[in-house]
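The structure appears right after this line, and notes come after that.
Remember, predicted model here, so these are calculated numbers, not experimental data. In listed order, ligands and their atoms are each counted from 1.
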Amino acid sequence: MDKTIAHLDMDAFFAAVEQRDNPSLIGRPVVIGADPKQGLGRGVVATCSYEARVFGIRSAMPISQAYRLCPQAVYLKGNSYKYRQASHTIFSILKEYTPDIQPISIDEAFMDLTGCFHAPQTPRDLCLKIKKHIKEEVQLNASIGIAPNKMVAKIASDHCKPDGLMHVTQVKVLDFLWPLDIACIWGVGPKMQGVLKNMRIYTIGELAKYPKVKLVERFGDYGNKLHALANGIDDRNVETDDETKSVSNEYTFEEDTADIDLIYEKLLFLSQKVSRRLRRKELKGKTIGIKVRTSNFNTITRAHTINQRVNFDDVIYREVKKLFDLNYKVRSRIRLIGVRVSNFEDLYVQESLFESNEDAQRKNIYQAIDLIKDKFGEDAIKRGMTARHKNAEVRDRSL
Ligand code: TTP
Ligand code: MG
């Protein structure tokens, strides 16, 4: 059966929230990002209003360059709390239409709408309703692309921005895709674009017609994938899986234990494991949890939500230890412990805009530690307390 996939992306999200909350900004170029300091500022543009895009300003551009292009724009440093709130409301609206939602960033999601509408209602009618609902509740514009698969839906939502709605039906997929630049294919980065352009492949149509065997010769299995995508075939599912919702590790003691030092040591070890996995996935969580199973197989789970999203070992361990001390009063022997971090909303907010100097310093330290571990292995560098137990058995799984 053909699928109906929608990709929703809010228009100029941070800038649109600012324009909504201050009507004097409506119709004006608004840039969210670092302080431009009259052109001498460091840092980058997070986003800008469509009025600012006319001047050539784009996300991730140095703020000094943006200032040169449009000194008269309104420059704001942004307010992550407001953006998170708007995002939260938008995602709860989407949940009223389908449970099959895959959040991609703070303002972007895929929805599997297969089976969510009944004739005479069309996918287009349903998505118009979603757009209208969002507009009424948060006064912001969303653009939605609808297609038989994720890649085409994503390209369609980009294509119809701002305030757009575009449905590319199965029979229209190739007509839509083939004239487009290869850069539009989801997952083809600038490096790959360069390689393809050197092979004189500029459009998706040219890629589709390029002999598949040659693509495979050149790129291995990725060549197969490129060929399929260029021909409008993309079987990636909308992933609503819990895996994207929490990261956890557990440890089972070789012998049930009540040795508090050993337990703390393992909790620290697990906090480090979880933090590192979070950093690898570029995730930060606000809710920190523990799991404790005693020798008689009683299991308790406890969690605490802090006011900041983190992926630093020391903060996670501090919370884990607090939770453990608070909840583990009866000193029975312990069989298994686990550490879990969840609550990853708004994964892709440009953190540097909102982080303190202290956080930035710690980020650098952890980056250095991760680099050493990547190069020389997990055991290359350890906090004093965990060095003793080198051969710990750790299972990666969601609690
Ligand atoms: P995007 O959806 O990429 O951009 P946008 O919503 O501002 O504009 P568009 O209409 O083209 O979708 O990103 C969503 C928000 O994420 C954006 O408003 C600000 C933030 N962001 C950053 O902080 N840094 C970045 O480099 C990008 C791309 C986005
Ligand atoms: Mg957007």
Which atoms of ligand 1 sit under 4.0 Å from any heavy atom of R53? 5 (P), 7 (O), 8 (O), 9 (P), 10 (O), 11 (O)
Here the N/O/S atom of D9 closest to the Mg ion (ligand 2) would be OD1
Polar side chain donor-acceptor pair, K3 to N149, under 3.5 angstrom: no
Atoms in ligand 1 with a heavy atom of M10 nearer than 4.0 Å: 6 (O), 9 (P), 10 (O), 12 (O)
Does at least one non-hydrogen atom of A12 fall below 4.0 angstrom from an atom of ligand 1? yes
Ligand 1 atoms in contact with Y50 (distance to a heavy atom under 4.0 Å): 9 (P), 10 (O), 11 (O)
Just so I know, are the side chains of F91 and P103 near enough to count as touching, which here means a heavy-atom distance under 4.5 Å? yes
N/O/S from S143 sitting under 2.8 Å away from the Mg ion (ligand 2): no
Report the name of the N/O/S atom of D107 located nearest to the Mg ion (ligand 2). OD2
Salt bridge or not for E18 and K82, using N-O below 4.0 Å? yes
Using heavy-atom distances, let me know which of G33, G78, A46 sits nearest atom 22 (C) of ligand 1. A46
So, regarding I106 and ligand 1 (criterion: nitrogen or oxygen to nitrogen or oxygen, under 3.5 Å), is there a contact or not? no
Element-labelled atoms of ligand 1 that are located less than 4.0 Å from some non-hydrogen atom of D107: 2 (O), 6 (O), 13 (O), 14 (C)
As an exercise, identify every atom of ligand 1 less than 4.0 angstrom from a heavy atom of T47. 5 (P), 7 (O), 17 (C), 18 (O), 19 (C)
Ion pair check, K150 and D234, cut-off under 4.0 Å: no
Looking at Y264, does the NZ or CZ of K321 lie under 6.0 angstrom from its six-membered ring centre and within 45 degrees of the ring axis? yes
Which value, rounded to the nearest 0.5 Å, describes the distance between I5 atom CD1 and M111 atom CE? 10.0 Å
Heavy atom to atom 20 (C) of ligand 1, shortest distance: which of F14, F13, Y83 holds it? F14
Scan side-chain atoms only and decide if Y81 and Q85 contain a donor-acceptor pair under the 3.5 Å cut-off. yes
Should K322 and E319 count as an ion pair when the cut-off is N to O under 4.0 Å? yes
